[in-house]
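Read the structure below first, then the notes.
Bear in mind the structure is a predicted one, so any value in this text is a computation, not a measurement.
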Amino acid sequence: MTLVADAAWMARALQLAERGLHTTSPNPRVGCVLVKDGKNLGEGWHERAGEPHAEVHALRVAGKAARGATAYVTLEPCSHHGRTPPCADALIAAGVERVVVAMQDPNPLVAGRGIAKLKAAGIAVECGLMEAAARELNIGFVSRMTRGTPWVRSKIAASLDGRTALANGVSKWITGSSARQDVQQWRARSCAVLTGIGTVLADDPQLNVRDAGAVRQPLRVVLDTGLRISADAKILQGGNALIYTASTDVAKQDALRARGADVVVMQTEKEALPLAAVLSDLAKRGINEVLVESGKVLNGALLKAGLVDEVVLYLAPQLLGDAARGLADLGELTQLEQRVELAWQDVRHVGNDIRITARIKHV
């Protein structure tokens, strides 16, 4: 098989993996294609946790024809018994001759063991083809496995002069309907949407995926130090809400739990919730990607703490003036070394607005 052919089949496997963009968490998005004599014998992708992995789907389609085939897999086949049996064992039993893997699994339970098992069975294994694309597809899973924290993506809608609301808090709507619809895709791929109590009190948002075809809603997370949230807040509707607080008001906690919310009490740090500990707790809950939708206070706190990985900024062609509210409260910077530096990832039109995606340059 030539490198060009290998790349083409791996590209197909990555396309398949992307089909699980909104459904696989907390598991990674994985695709697999079985090929022999230039023919696609079977393909599949991992759809949901607890269900068969991509390799199993592809092997079921290929049947006995899988013997002597090459398997193109976007992530190292698992080698341990989790909710499903090891995929490495399934490939060995099927008589696959060669396995091309995009990237090694960052999960410590696998981390090279799947590849070692395949090689021990006499199967030729190659790893690293289109690794960057595979890693990007599972950026949150990789973050959780290697850093113990989710990938944090902050979504901000602003005017061209970087204002997110008028001084009186009015912000509906700065960006157009196309941008607001585009945000639904970010919510759909995220495991959790995070906001602060200020946003909840001011806007009473739902922060859900408003798409009739949505198969999974993100966990709605509220940071509410003093537990000021109302039991009637829209964000609590339908359950699937998590509130971090420092309040010891048991009656209020019980009222929120009666509405289906999970309430976690934490110790404050300088009168604020410990943001790093919040993210660590979310990772322990299997959260891979977090979408932050909040005001300048929480955005600023996360940025100053170095906890934001990526910014998705929608800019509308309008000016709101200096008195309007800014993107993030970073306090007064006295030296340029204190600035938050970013690296451009993507710039595009979304309706009448511009969407900029940039990643924080962590020192």
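Interatomic distance, L275 CG to L279 CG, rounded to the nearest 0.5 Å: 7.0 Å. Annotation: the span from I356 atom CD1 to Y314 atom OH amounts to 11.5 Å, rounded to 0.5 Å. Distance check: E289 CD to S25 OG gives 8.5 Å after rounding to the nearest 0.5 Å. Here the CG atom belonging to L59 is positioned 13.0 Å from the NE2 atom belonging to H53, to the nearest 0.5 angstrom. Between the CG atom in L336 and the CZ atom in R339 there is a gap of 5.0 Å [rounded to 0.5 Å]. Atom OG of S159 is separated from atom CD1 of I174 by 6.0 Å, given to the nearest 0.5 angstrom.
The shortest non-hydrogen separation linking A62 to L34 is CB-CD1, 3.7 Å. Here the closest non-hydrogen pair linking W45 and G20 is CD1-N, 4.0 Å. Considering all non-hydrogen atoms of both residues, A179 and D353 come closest at CB-OD2, 3.5 Å.
Distance alone, capped at 3.5 Å, places no donor-acceptor pair between the D37 side chain and the K39 backbone. In terms of modelled atom types and a separation under 3.5 Å, the side chain of D249 and the main chain of K252 share a donor-acceptor contact. Side-chain atoms of R153 never come within 3.5 Å of backbone atoms of E310 as a donor-acceptor pair (strictly under, hydrogens ignored). Of the possible polar contacts, one joining the N138 side chain to the R29 backbone as a donor-acceptor pair under 3.5 Å is found. Side chain of Q338 to backbone of Q335: a donor-acceptor contact under 3.5 angstrom is found. Checking side-chain atoms of E43 against main-chain N and O of C32 turns up no donor-acceptor pair under 3.5 Å. Remark: side-chain polar atoms of R98 are not paired, donor with acceptor, to backbone N or O of A71 under 3.5 angstrom. In terms of modelled atom types and a separation under 3.5 Å, the side chain of E76 and the main chain of P106 share no donor-acceptor contact. With hydrogens and angles disregarded, a donor-acceptor distance shorter than 3.5 Å links the side chain of K36 to the backbone of A65. When atom types are taken as modelled, the side chain of D203 and the backbone of P205 share no donor-acceptor pair closer than 3.5 angstrom.
With sequence neighbours excluded, the residues satisfying side-chain contact (heavy atoms from CB on, under 4.5 Å) with Q181 are Q184. With sequence neighbours excluded, no residue forms a salt bridge (charged side-chain N to carboxylate O under 4.0 Å, His left out) with E47. Residues that satisfy the salt bridge (charged side-chain N to carboxylate O under 4.0 Å, His left out) test with K296, not counting sequence neighbours, are absent from this structure.
A donor-acceptor contact under 3.5 angstrom links the side chains of R144 and N288, judged on distance only. A side-chain donor from one of S143 and R147 sits under 3.5 Å from a side-chain acceptor of the other.
Residue Q253 places its CD atom among more than 12 non-hydrogen atoms of other residues, nucleotides or ligands, all under 6.0 Å distant. For D254, the CG atom counts as densely surrounded, since its 6.0 Å shell holds more than 12 non-hydrogen atoms of other residues, nucleotides or ligands.
When each of D309, V311, I360 is tested with V152 by the rule side-chain contact (heavy atoms from CB on, under 4.5 Å), just one qualifies, namely D309.
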Residues 217-236, side-chain donor-acceptor partners within the protein, below 3.5 Å, at least two apart:
residue: Q217; atom: OE1; partner: V209; partner atom: N; Å: 2.7
residue: Q217; atom: NE2; partner: V209; partner atom: O; Å: 3.0
residue: R220; atom: NH1; partner: Q206; partner atom: O; Å: 2.8
residue: R220; atom: NH1; partner: I235; partner atom: O; Å: 3.4
residue: R220; atom: NH2; partner: I235; partner atom: O; Å: 2.9
residue: R220; atom: NH2; partner: Q237; partner atom: O; Å: 2.6
residue: R220; atom: NH2; partner: G239; partner atom: O; Å: 2.8
residue: D224; atom: OD1; partner: L227; partner atom: N; Å: 3.0
residue: D224; atom: OD1; partner: R228; partner atom: N; Å: 2.9
residue: D224; atom: OD2; partner: R228; partner atom: N; Å: 2.8
residue: D224; atom: OD2; partner: I229; partner atom: N; Å: 2.9
residue: S230; atom: OG; partner: D232; partner atom: N; Å: 3.0

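Screening residues 274-287 for side-chain hydrogen bond (donor to acceptor under 3.5 Å, both in side chains) gives Y244-D281, D262-R285, D281-R285 as the qualifying pairs, with residues at least two apart or on separate chains.
Under the 4.5 angstrom side-chain criterion for Ile, Leu, Val, Met, Phe, Trp and Tyr, the cluster partners of I139 are W151.
Residues V101 and T74 fail the side-chain proximity criterion, which asks for heavy atoms closer than 4.5 Å.
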